[in-house]
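We use all heavy atoms of the structure for the numbers below, so side chains are in, but hydrogens, waters and symmetry mates are not.
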Amino acid sequence: MSYSGFTVPLIESLRAALANTPEEAGFAVGEGVTDLSGGSASRTEWIQAAVLLAVVTRPEAPTLLFTRRTEHLRDHAGQVSFPGGRIEETDRNATHTALRETKEETGLSPESVNVIGYLPRHYTGTGFCITPVVGLVSPPLSLQPDPFEVAEIFEAPLSFLLNPGNRRQSWIHWQGRLRRYFAFSYEEHFIWGATAGILVTLGDRIENG
């Protein structure tokens with residue numbers, strides 16, 4: 001599969017890869033793809049969360065929307081992430097959470113997002129079970145970042161992130177074990193942890209069908 005430039009087949013491949021993947025499926029990624037963890041679904045209690053992979057259908061090339069968290073936050077300060085957060089009791093489902101949190105963090109209206117599917121739930125060593133929600137967004141975007149949570153909003157080419165040659169694996173000793181994690185470097189941005197793991201899952205899903 002070619003990842004160069006904007007093509008209808010790339011968007012159609014994305015749609016096909018996500019077909020018939022309900023958010024209730026509850027399937028999980030394997031060890032090594034999670035946030036410094038090698039987390040698994042064996043834990044009895046998880047903090048349920050959801051994130052939005054907003055694919056911006058720009059005419060020159062589709063992109064993915066990211067946020068960079070502010071430095072003063074308690075969790076994952078300064079890290080690049082997808083917009084999203086914890087599932088609240090008042091949320092109807094994971095999709096509602098992802099769209100609500102995206103609106104709060106970036107100002108992107110839920111009505112502007114066309115949800116096309118879901119990726120496997122992503123378990124992290126820090127105790128989160130993340131449902132990745134994938135949606136298409138047509139430009140121009142009307143964004144207003146929350147200054148408390150979001151230091152920056154940026155986009156990166158989908159073709160770059162789907163290319164296996166642009167991902168790398170690293171290892172770190174954490175909590176007494178050697179852990180594997182994935183990472184991407186795009187311009188001045190370093191994308192790693194759960195966000196990079198979800199990107200790897202997305203790329204593998206499209207590549208393998």
Run the ring-ring contact (aromatic ring centres under 6.0 Å, His included) test on W46 and Y123 for me, step by step, so that the C-alpha distance in whole Å, both residues' side-chain angles and the decisive distance to 0.1 Å come before the verdict. CA-CA 8 Å; W46 294 91; Y123 293 87; 4.7 Å; yes
Check the pair L143 / L65 against side chain to side chain contact (heavy atoms under 4.5 Å, CB included), numbers first and verdict last. CA-CA 11 Å; L143 302 178; L65 190 73; 4.3 Å; yes
CA sep, side-chain torsions, deciding dist, call: S185, R168, side-chain hydrogen bond (donor to acceptor under 3.5 Å, both in side chains): CA-CA 9 Å; S185 292; R168 68 176 186 266; 3.2 Å; yes
Stepwise, does the side chain to side chain contact (heavy atoms under 4.5 Å, CB included) test hold for E155 with L141? CA-CA 11 Å; E155 298 174 35; L141 306 184; 3.8 Å; yes
Just do the side chain to side chain contact (heavy atoms under 4.5 Å, CB included) check on L64 and L199 with the steps written out, would you? CA-CA 10 Å; L64 265 176; L199 288 173; 3.6 Å; yes
Apply side chain to side chain contact (heavy atoms under 4.5 Å, CB included) to residues E207 and L162 and explain how you reach the verdict. CA-CA 9 Å; E207 183 71 19; L162 294 181; over 6 Å; no
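Taking the side chain as every heavy atom from C-beta outward, T63 and T57 never approach each other to under 4.5 Å. A heavy-atom distance below 4.5 Å is found between the side chains of W192 and Q79. Between I87 and I47 there is no side-chain heavy-atom pair separated by less than 4.5 Å. No side-chain heavy atom of V51 sits less than 4.5 Å from a side-chain heavy atom of V133. Using a 4.5 Å heavy-atom threshold, the side chains of D91 and R100 count as touching. For the pair P157/Y186, a side-chain contact is recorded, criterion being any heavy-atom separation below 4.5 Å from C-beta on. The shortest distance between side-chain heavy atoms of C129 and R121 falls below 4.5 Å. Residues L99 and K103 are not in side-chain contact: their nearest non-hydrogen atoms beyond the backbone lie 4.5 Å or more apart.
The OG1 atom of T106 sits 10.0 Å away from the CG atom of D146 when rounded to the nearest 0.5 Å. Atom-to-atom distance recorded for T201:OG1 and R205:CZ is 8.0 Å, nearest 0.5 angstrom. The distance from atom OG1 of T95 to atom CG of L52, rounded to the nearest 0.5 Å, is 9.5 Å.
Residues satisfying the side chain to side chain contact (heavy atoms under 4.5 Å, CB included) test with A49, not counting sequence neighbours, are F128, I130. Listed by chain and residue number, E111, S112 satisfy the side chain to side chain contact (heavy atoms under 4.5 Å, CB included) test with S109 (two or more places apart in sequence, or in another chain).
Proximity of a side-chain donor or acceptor of T195 to a complementary backbone N or O of I191 within less than 3.5 Å is not detected. Checked by atom type and distance alone, the side chain of N163 never pairs as donor or acceptor with a backbone atom of F160 at under 3.5 Å.
In the model, T67 has a side-chain atom that pairs as donor or acceptor with a side-chain atom of S81 under 3.5 Å. Residues S138 and R58 bring no donor and acceptor atom of their side chains to less than 3.5 Å of each other.
Smallest separation of non-hydrogen atoms from E105 and V150: O-CG2, 3.4 Å. Across all non-hydrogen atoms, the minimal contact from I198 to F82 is CG2-CE1, 3.9 Å. The two atoms that bring A54 and V137 nearest to each other are CB-CG2, 4.0 Å, heavy atoms only. Of all heavy-atom pairs spanning P62 and V55, the tightest one is CB-CG1, 4.2 Å. In terms of heavy-atom proximity, Y118 sits nearest to T131 at CD2-CG2, 4.4 Å. Here the shortest heavy-atom pairing between V113 and G135 reads CG1-CA, 3.9 Å.
Test E187, E152, E149 against R68 for salt bridge (Lys or Arg N to Asp or Glu O under 4.0 Å) and you get one pass: E152.
Remark: Q144 CD is loosely packed, at most 12 non-hydrogen atoms of other residues, nucleotides or ligands lying under 6.0 Å away. Other residues, nucleotides and ligands place no more than 12 heavy atoms under 6.0 Å from the CD atom of E89.
Using a 4.0 Å cut-off between charged side-chain N and carboxylate O, D204 and R167 make a salt bridge.
The hydrophobic cluster containing F184 also contains I206, counting ILVMFWY residues as joined when their side-chain heavy atoms lie under 4.5 angstrom apart, directly or transitively.
Taking the six-membered ring where tryptophan is involved, the planes of F154 and H189 are essentially parallel, since the angle between them stays under 30° and well short of 60°.
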